[in-house]
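This report refers to the structure that appears directly beneath it.
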Amino acid sequence: MPDTEAPLSVLDVLARRASVRDYLTDDVPEALLEQILAAARRAPTSSNLQAYSFVVVRDQAAREKLAVLAGNQKHISTAPVFVAVCADLRRLGRVAEHAGGSLAKDHLEITLVACIDAALVGMCASLAADSLCLGTVMIGGMRNDPDGVAAVLGLPAGVFVAFGLCVGWPKSRPEPKPRLPAGLVVHRERYADGDLDAGLADYENVMAAHHRAVGRDPDQPWAERVAKQFAKPNRERLKQILEGRGFGFK
């Protein structure tokens, strides 16, 4: 196992945070992973429902299948640990039945609760891992084929993988990508559109400089990529698939 420094503060972790896709072959000890997941489970959760679950995947064959389902993202198979972060209404339904009731799970609010709970606990897992000098990357491609992923992981109805998290020792740690200027994303008292042109121009210059610094050709402006990539909806069958898995949107 690579030598670890003293745990980093949350501010230090966020200052250097970047998605790691290139990992050493060294394993992540189970005790260390348990420490990370225990810390993550302190994440905020709506009404203390804890409407999430983790599925830890170390099996190589399973990780290779998940890598294909996520769009051939090879880092899923090369990172020693993959954590599927699930929105989980099944357990809540069982709890309600245990107490002699039932869970109204065919509506949008409880679906959002489960998805937000999963997002919060997954982010906390990523921060905890990074604080211990591990590297992580979140995998939204788990939503490409929720049923296929569910089959690999044995997920029952009422559970789907909101996203995945690769965890391992980084071969190298990428430079953090610049973020939009605060003037475009931080509003005071009321939402204000602000001067998009000026803020966006500054951001495009910063992003181009970042790409050159890391040896990439800044061939496409950020705004242009957004306009092209999201001109059409992605994963158009996702709502239908999730309804089939027991999540509601009424």
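Scope of the values below: all heavy atoms of this structure, side chains included, with no hydrogens, waters or symmetry mates.
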Exercise. So do the side chains of L134 and I36 get within less than 4.5 Å of each other, counting heavy atoms only?
Worked result: yes

Exercise. Can you check whether S19 reaches R17 side chain to side chain, under 4.5 Å on heavy atoms?
Worked result: yes

Seminar exercise, completed: Taking every heavy atom of R90 against every heavy atom of A157, the minimum-distance pair comes out as CB-O, 3.6 Å

Exercise. Are F54 and M138 co-members of a hydrophobic cluster defined by side-chain heavy atoms under 4.5 Å apart?
Worked result: yes

Seminar exercise, completed: Heavy-atom closest pair (N144 atom, G71 atom, distance to 0.1 Å) is ND2-N, 3.9 Å

For this session: State whether the number of non-hydrogen atoms from other residues, nucleotides or ligands found under 6.0 Å of E243 atom CD is greater than 12.
Result: yes

For this session: Could you tell me the separation between the CG atom of L184 and the CG atom of L200, rounded to the nearest 0.5 Å?
Result: 7.0 Å

Exercise. Does D106 come within less than 4.0 Å of K250, counting only side-chain N to carboxylate O?
Worked result: yes

For this session: Report yes if the distance between the aromatic ring centroids of Y23 and W169 is under 6.0 Å, otherwise no.
Result: no

Exercise. Do I116 and V85 share a hydrophobic cluster, counting only Ile, Leu, Val, Met, Phe, Trp and Tyr and linking them when any side-chain heavy atoms are less than 4.5 Å apart?
Worked result: no

Problem set entry | Nearest atoms (heavy-atom pairs only) where V28 meets G168 | CG2-CA, 4.0 Å

Problem set entry | Hydrophobic cluster identity match, V137 and L132, side-chain contacts under 4.5 Å | no

Problem set entry | R235 atom CZ: more than 12 heavy-atom contacts under 6.0 Å | yes

Exercise. Do you know the tightest heavy-atom contact between G199 and P181?
Worked result: O-CG, 3.7 Å

Exercise. About how many Å separate CG of D193 and NE2 of H187, when rounded to the nearest 0.5 Å?
Worked result: 8.0 Å

Exercise. Do other residues, nucleotides or ligands put more than 12 heavy atoms under 6.0 Å from the CZ atom of R173?
Worked result: yes

Exercise. Can you tell me how far CG of L153 sits from OG of S53, rounded to the nearest 0.5 angstrom?
Worked result: 11.5 Å

For this session: Indicate, with yes or no, if V159 and V152 share a hydrophobic cluster defined by side-chain heavy-atom contacts under 4.5 Å among Ile, Leu, Val, Met, Phe, Trp and Tyr.
Result: yes

Exercise. Going by atom types alone, do T45 and N48 pair a side-chain donor with an acceptor below 3.5 Å?
Worked result: no

For this session: Would you check if there is a donor-acceptor pair between the side chains of H75 and Q73 at a distance under 3.5 Å?
Result: yes

Problem set entry | Close side-chain approach of Q60 and S77, heavy atoms under 4.5 Å | yes

Problem set entry | Donor-acceptor under 3.5 Å (D117 side chain, A51 main chain) | yes

For this session: Indicate yes or no: does R58 engage D27 in a salt bridge with an N to O separation below 4.0 Å.
Result: yes

For this session: Measure the shortest side-chain to side-chain distance between M142 and F163 over non-hydrogen atoms and say whether it is less than 4.5 angstrom.
Result: no

Exercise. Is it true that a side-chain atom of R245 and a backbone atom of L155 form a donor plus acceptor pair closer than 3.5 Å?
Worked result: yes

Exercise. Just wondering, do L33 and V81 contact through their side chains at under 4.5 Å, heavy atoms?
Worked result: yes

Problem set entry | Smallest separation among heavy atoms of V20 and G135, with atom names | CG2-CA, 3.9 Å

Exercise. Counting N and O atoms only, with roles assigned by atom type, does the side chain of T111 sit under 3.5 Å from a partner on the main chain of G248, one being a donor and the other an acceptor?
Worked result: yes

Exercise. Judged by atom type as modelled, is there a donor-acceptor pair below 3.5 Å linking the side chain of R16 to the main-chain atoms of D130?
Worked result: yes

For this session: Using the rule that two of Ile, Leu, Val, Met, Phe, Trp, Tyr join whenever any of their side-chain heavy atoms come within less than 4.5 Å, decide whether V185 and V226 are in one cluster.
Result: yes

Exercise. Does any non-hydrogen side-chain atom of F82 lie less than 4.5 Å from one of I139?
Worked result: yes

For this session: Could you tell me whether the side chain of E175 and the main chain of H210 form a donor-acceptor pair under 3.5 Å?
Result: no

Seminar exercise, completed: Looking only at heavy atoms, the pair that brings P44 and L120 closest together is O-CD1, 3.5 Å

Problem set entry | Donor-acceptor pair, side chain of R91 and main chain of Y52, under 3.5 angstrom | yes

For this session: Give a yes or no answer on whether the side chain of Y203 reaches the backbone of P178 with a donor-acceptor pair at less than 3.5 Å.
Result: yes

Exercise. Is there a side-chain contact between V113 and L49 (heavy atoms, below 4.5 Å)?
Worked result: yes

Seminar exercise, completed: CD of E97 to OG of S102, rounded to nearest 0.5 Å, is 8.0 Å

For this session: Nearest 0.5 Å please: distance from the SG atom of C166 over to the CG atom of D22.
Result: 11.5 Å

Exercise. Within a strict 4.5 Å, meaning less than it, do heavy atoms of the F160 and V149 side chains meet?
Worked result: no

Problem set entry | Expected output: side-chain R143 to main-chain L238 donor-acceptor under 3.5 Å | no

Exercise. Roughly how far, to the nearest 0.5 Å, is CD1 of I110 from CG of L89?
Worked result: 5.5 Å

